[in-house]
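First the structure, in the form of structure tokens, and then the observations on it.
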2 protein chains.
Amino acid sequence: MRSEDLAKLIGVSRSTITRVINNYPDIPQATRDKVLKAIEEYNYAPNASARKLAGATNKMIAIIVLDVKDDGVTHHVKTTDDTLIYNNPFFSPVINAVSDQANKMDYYALISIAYSKEDLKKVESIFNQKMIEGAIFVGTQEAENELIFKLIKQNHKIALIDTNEIYSKKHDAIYINPDNFEGSVKAINYLVELGHKNIGIITGNLNKLSAQERLDGFKETLSRHGLVLNCDHFYHGDFTENSGYDGVNHILRAHSKPTAIFVSNDTMAIGAYKAIAEIGLKIPEDISIIGFDNSFISSYLTPPLTTVDISFADIAKRATTLLIDSVENNKKVGIVEKIHATLIERESCKRIN
Amino acid sequence: MRSEDLAKLIGVSRSTITRVINNYPDIPQATRDKVLKAIEEYNYAPNASARKLAGATNKMIAIIVLDVKDDGVTHHVKTTDDTLIYNNPFFSPVINAVSDQANKMDYYALISIAYSKEDLKKVESIFNQKMIEGAIFVGTQEAENELIFKLIKQNHKIALIDTNEIYSKKHDAIYINPDNFEGSVKAINYLVELGHKNIGIITGNLNKLSAQERLDGFKETLSRHGLVLNCDHFYHGDFTENSGYDGVNHILRAHSKPTAIFVSNDTMAIGAYKAIAEIGLKIPEDISIIGFDNSFISSYLTPPLTTVDISFADIAKRATTLLIDSVENNKKVGIVEKIHATLIERESCKRIN
DNA sequence: CTGAAAGCGCTTACAG
DNA sequence: CTGAAAGCGCTTACAG
């Protein structure tokens with residue numbers, strides 16, 4: 001059914017149909033009602049392509065997940081093996097939250113997952129084809145910066161979630177990141193409050209902003225409490241399960257052992273749990289472990305892992321809201337926001353004072 | 001950049017541009033090369049809306065996730081609480097796999113998650129607006145049947161994943177389900193091979209096809225081995241963690257206890273683990289547990305859960321492939337397929353012979 | 001082999 | 001307040 005058909009059926013012009021659908025003023029209530037009734041009755045919906053071509057918005061945004069393995073460096077939200085990320089604990093809530101928030105704001109969400117530089121061309125083509133009004137990028141690494149900056153320069157509306165680097169207002173984009181620093185502060189304050197004075201850390205790969213921020217929060221909080229970090233209790237991991245495992249073996253081989261270890265993400269905490277079990281130690285009796293991310297599995301570990309929740313769903317929602325706002329108001333954007341982190345207290349930390 | 005601009009730039013007509021893009025025959029290689037080079041150079045991509053409006057395909061399918069809570073009955077793939085399903089162990093791999101397979105076949109995927117009957121109208125409007133060439137539905141319940149049948153009758157291409165009922169070739173749609181029966185057979189054969197003769201079962205809600213099929217496979221395999229099901233060892237659960245917990249408490253209160261319990265999904269197995277721990281029993285020393293679904297957390301349970309893997313990624317890929325095939329060949333479809341289930345042997349079952 | 005032109009179904013100034 | 005008409009950027013018969 002075309003608007004023309006509907007128009008004939010009820011004796012108005014196509015223009016009138018369009019006008020009531022698009023909420024033009026100055027239409028008598030009677031006309032409006034008649035049209036609305038007919039729309040309902042005949043199940044009419046304007047052809048999306050025709051609308052878009054004629055200049056209206058198609059109310060479509062894209063959520064673009066980048067999992068491009070280009071440099072051998074594993075991003076902490078990505079899997080380490082070559083299997084595709086069909087159930088990635090980080091991407092999934094983001095995808096769902098973006099889609100959900102978009103729907104709430106009466107938008108549609110296109111999803112595109114790029115695994116290779118080849119796929120990146122397809123991503124670019126989504127913009128060139130004018131399929132969307134804006135896009136949210138997740139999982140960005142260095143490799144994609146060039147493309148993203150180019151898109152921003154072309155005036156496309158872009159929101160970036162959890163970017164490794166924050167480019168602040170230099171670029172007209174929306175940057176939403178978790179407050180990693182705050183998360184670490186909360187974690188360490190909690191451990192100190194429990195009486196821990198000897199706290200070790202397994203970091204993520206420190207060329208990642210998130211890893212660095214988590215380390216910064218850790219260090220600052222330690223020194224605020226007058227505590228020092230024993231060098232033997234520092235392990236530079238890379239956000240993988242294996243590095244959590246290795247980190248524990250490294251730290252617990254030191255002469256003086258810490259009473260708690262801050263593990264910079266939950267994935268590494270899994271490895272840490274394994275190593276601790278193998279050494280024959282008990283959590284939290286012999287050593288307290290605190291994680292980061294509040295990933296899906298953390299509550300299923302034994303014992304359930306105390307961790308820092310950075311709600312990627314909240315981050316995704318906020319990014320979506322800001323993106324659609326900027327699309328609708330066609331305003332220039334240079335937004336940087338951090339989303340609060342909260343401590344999730346479970347059973348992997350013991351009070352020792 | 002429009003095709004006309006490009007055309008002028010290299011001295012051909014718009015038609016020629018279109019023809020090389022759409023791979024028309026009878027274009028001299030020289031012309032083709034010239035156009036291709038210009039497309040590359042100027043980053044030209046045909047406007048998606050214009051293409052679609054002019055009659056070409058927009059290569060877009062939708063993945064529609066239904067999580068409509070209408071009847072108080074919890075579908076086994078849905079969460080039991082009211083929080084949105086941002087990390088559902090079932091939906092996420094489906095979404096990712098559909099998107100991935102679509103991209104591989106050079107299609108785009110729109111994602112829409114419906115939580116209410118209100119949202120269902122938006123879903124219908126996606127079809128009415130002609131935004132897509134076809135759609136894959138996941139999580140269907142009775143409530144949506146009416147809409148889906150209507151869409152099928154309107155000749156929309158539809159694939160249904162894990163439908164509660166299979167409507168066979170009565171409806172021109174694609175039905176892809178896991179082979180639940182086969183999965184149960186494999187699980188029980190495995191337990192029998194380990195020497196178990198006394199096997200209990202916690203079922204899902206039996207108005208669900210999947211629950212019934214899993215039960216059927218269980219019963220048939222038992223009787224094929226000349227084993228009987230003690231009525232006290234049967235518990236009618238509903239696929240929720242709580243019912244797994246209740247199921248164990250019910251079954252282990254019987255006079256004669258089983259040596260193994262077949263728990264019809266991993267979510268219930270989590271509850272079962274809890275109940276068993278509370279009773280003071282050890283898995284698998286005191287009782288063997290086998291699950292179903294191979295959900296994300298199953299390998300993180302203690303001990304890691306032996307379970308049946310029904311790859312929803314495979315199901316989703318197959319559905320996507322068949323859907324796009326049917327879109328491209330515009331063929332009538334009435335396809336019903338089952339995807340193999342495989343046993344994932346971990347550490348929750350003990351050999352007792 | 002290739003260009004000119006109609007047409008896809010809307011939206012939006014422009015008239016009235 | 002509302003209709004007629006141009007135009008959005010393609011695709012596809014139709015000519016040549």
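Chain A is the first sequence line, chain B the second, and so forth, proteins listed ahead of strands; every chain is numbered from 1.
Distances shorter than 4.0 Å separate none of the side-chain N or O atoms of Asn47(B) from OP1 or OP2 on dC8(D). Taking 4.0 angstrom as the limit, Ser3(B) places none of its side-chain polar atoms (N or O) nearer than this to OP1 or OP2 of dG9(D). Contact annotation: Thr18(B) side-chain N/O to dC10(D) OP1/OP2 distance is not under 4.0 Å. Between Tyr24(B) and the phosphate of dT11(D), there is no side-chain N or O to OP1/OP2 separation shorter than 4.0 Å.
Nearest to the side-chain atoms of Asp26(B) among the listed nucleotides dC10(D), dC1(C), dG3(D) stands dC1(C). Of the candidate nucleotides dT2(D), dT11(D), dA4(C), dT2(D) has the atom lying nearest to any side-chain atom of Thr31(A). Distance from the side chain of Asn22(B) is smallest for dT11(D) among the nucleotides dT11(D), dC14(D), dG3(D). Between dG9(D), dA6(C), dC1(D), one nucleotide has an atom nearer to the side chain of Arg14(B) than all others, and that is dA6(C). Candidate nucleotides dA5(C), dG3(D), dG9(C) were compared by shortest atom distance to the side chain of Arg2(A), and dG9(C) ranks first. Candidate nucleotides dG9(C), dC1(C), dA13(D) were compared by shortest atom distance to the side chain of Leu53(A), and dG9(C) ranks first. Considering only the side chain of Ala50(A), dC10(C) comes nearest among dC1(C), dC10(C), dG9(D). For Thr16(B), the side-chain atoms get nearest to dT2(C) when compared with the rest of dT2(C), dC8(C), dA13(C).
Side-chain atoms of Leu322(A) and Arg318(A), non-hydrogen and from C-beta on, do get closer than 4.5 Å to each other.
In this structure, Lys34(B) atom NZ and dC1(C) atom P are separated by 15 Å, rounded to whole Å. To the nearest angstrom, C1' of dT12(C) lies 15 Å from CD1 of Ile21(A).
The base-pairing partner of dA4(C), taking Watson-Crick or G-U wobble contacts with both distances under 3.5 Å, does not exist among the strands shown.
Within 3.5 Å, a donor on the side chain of Ser15(B) pairs with an acceptor on the base of dA4(C), or the reverse.
The backbone N or O of Gln141(A) sits less than 3.5 Å from a side-chain atom of Glu144(A), completing a donor-acceptor pair.
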